[in-house]
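The basis for the numbers below is simple: all heavy atoms, side chains too, and nothing from hydrogens, waters or symmetry mates.
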Amino acid sequence: MSSSTALSISDQEKLIQKLGIFKIHGRDKRGRRVLRIIGKSYPARLVGSEALKEYLEEKIFPELEEKSFSVVYVHTGVQRSENFPGITALRSVYEAIPTNVRSNLEAVYFVHPGLQARLFLATFGRLLFSGGLYSKVKYLNRLEFLWDHVRRNETEMPEFVYEHDDELEYRPMTTDYGLESDHPRGYCASSVDNPVSMYSMRCIA
């Protein structure tokens, strides 16, 4: 039994809200609204795909139906066993996005991706995400590159993101080339995910 069943759908939605995983604020350099997603904050063991879809449908999608927008996805500190919902859930959530919201999405800025996340998207991205989403993803190894696209004074980032960015200045091999020896759970650890996720995602983080 999935651990997400320990909480009701309503409680799972409240948890998503409390953790501030999704936040619409700020604008990019072209004046488009920004949806910021903090991957590390997503409690994959406690929140199921149904609660995630309902939360997005109620709280996020209605705000993005009218005008174009960008997504800033922060991958800093994500560990597959803790923060990744699984391939099936990702696909389910993506298919639930209303057509007008998808058409309004102009760019996805993927901050601190790491080599394994890049490899995953290169392998499965075109299969998972239709409608040209894959081609809109821009990998940004440093925050300084994000500020080339997004208005810095309007975009909040957790402190751990800045700390990781500073660490990369001193040890660029850590994430830029996937040599994450100080983060052992980022590699092929065992998981309680379903067999598809275990096979496909064992090395994402």
Side-chain angles (χ1 to χ4, degrees), residues 15-29 33-47 52 60 69-87 89-90 93 107-125 129 133-134 136-191 193 197 200-205:
L15 181 59
I16 294 172
Q17 179 73 26
K18 180 180 179 180
L19 294 174
I21 304 164
F22 303 93
K23 185 174 183 179
I24 300 174
H25 77 144
R27 296 184 181 275
D28 64 16
K29 292 294 183 69
R33 302 181 74 185
V34 169
L35 168 60
R36 188 203 65 186
I37 305 173
I38 305 298
K40 183 179 178 180
S41 297
Y42 184 76
R45 294 175 179 272
L46 298 174
V47 174
L52 177 58
I60 301 299
F69 69 99
S70 298
V71 168
V72 172
Y73 169 69
V74 183
H75 192 65
T76 318
V78 168
Q79 297 175 358
R80 182 194 52 77
S81 61
E82 299 293 333
N83 315 116
F84 184 69
I87 290 178
L90 272 184
V93 171
V108 178
Y109 301 111
F110 198 126
V111 180
H112 294 156
L115 179 61
Q116 303 302 334
R118 288 173 180 261
L119 289 174
F120 165 73
L121 284 178
T123 304
F124 297 101
F129 308 120
L133 174 62
Y134 177 78
K136 298 178 182 180
V137 176
K138 303 179 187 299
Y139 298 111
L140 305 174
N141 290 342
R142 300 288 192 280
L143 284 175
E144 65 182 285
F145 303 133
L146 176 64
W147 308 139
D148 290 338
H149 303 280
V150 175
R151 298 175 185 177
R152 180 172 185 171
N153 63 343
E154 296 183 13
T155 306
E156 299 175 1
M157 286 289 170
E159 187 61 30
F160 72 84
V161 180
Y162 288 101
E163 291 173 354
H164 183 70
D165 211 61
D166 290 340
E167 180 182 358
L168 292 178
E169 291 299 320
Y170 294 99
R171 298 193 303 128
M173 297 289 285
T174 299
T175 294
D176 291 351
Y177 300 98
L179 303 180
E180 302 168 294
S181 59
D182 289 346
H183 306 280
R185 289 202 292 172
Y187 281 93
C188 306
S190 60
S191 171
D193 291 347
S197 296
S200 304
M201 288 305 303
R202 59 186 181 273
C203 298
I204 183 175

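Pairing each heavy atom of Ile21 with each of Tyr42, the nearest pair is CD1-CA, 3.8 Å. Here the shortest heavy-atom pairing between Lys40 and Thr76 reads CB-O, 3.5 Å. Nearest heavy-atom pair, Leu140 versus Leu146, reported as atom, atom and distance to 0.1 Å: CD1-CA, 3.6 Å. Scanning all heavy atoms of the two residues, the minimum distance from Arg27 to Val34 falls at C-CG2, 3.7 Å. Between His149 and Lys138, the closest heavy-atom pair is CE1-CD, 4.5 Å. Contact detail for Asn83 and Ala44: the closest heavy-atom pair is C-CB, 3.8 Å.
The line from NE2 of His75 to CD1 of Ile37 is 13.0 Å long, rounded to the nearest 0.5 Å. Distance CD1/Ile87 to CZ/Phe120: 5.0 Å, rounded to 0.5 Å. The distance from atom CZ of Arg33 to atom CD of Glu154, rounded to the nearest 0.5 Å, is 11.5 Å. In this structure, Arg151 CZ and His25 NE2 are separated by 13.0 Å, a value rounded to the nearest 0.5 Å. Atom OH of residue Tyr73 and atom CZ of residue Arg36 lie 13.0 Å apart, to the nearest 0.5 angstrom. If you take CZ on Arg142 and CH2 on Trp147, they are separated by 14.5 Å, rounding to the nearest 0.5 Å.
Note on ring orientation: taking the six-membered ring where Trp is involved, the planes of Phe110 and Tyr139 are tilted (angle from 30° to 60°).
For Glu163, there are no salt bridge (charged side-chain N to carboxylate O under 4.0 Å, His left out) partners two or more places apart in sequence or in a different chain. For Asp28, the salt bridge (charged side-chain N to carboxylate O under 4.0 Å, His left out) partners at least two apart in sequence or on another chain are Arg32.
Contact check for Met157 versus Asp165: no side-chain heavy atoms found under the 4.5 Å cut-off. Side-chain atoms of Lys23 and Glu156, non-hydrogen and from C-beta on, do get closer than 4.5 Å to each other. Considering only heavy atoms from C-beta on, Tyr109 stays 4.5 Å or farther from Asp148 through its side chain. Annotation: side chain of Val47 is in contact with side chain of Ile16 (closest heavy-atom distance under 4.5 Å).
Only one option out of Leu168, Val150, Val111, Val74 pairs with Leu143 in a side-chain contact (heavy atoms from CB on, under 4.5 Å); it is Val111.
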Candidate pair Val72 and Thr155, rule side-chain contact (heavy atoms from CB on, under 4.5 Å), full reasoning: CA-CA 10 Å; Val72 172; Thr155 306; 5.5 Å; no

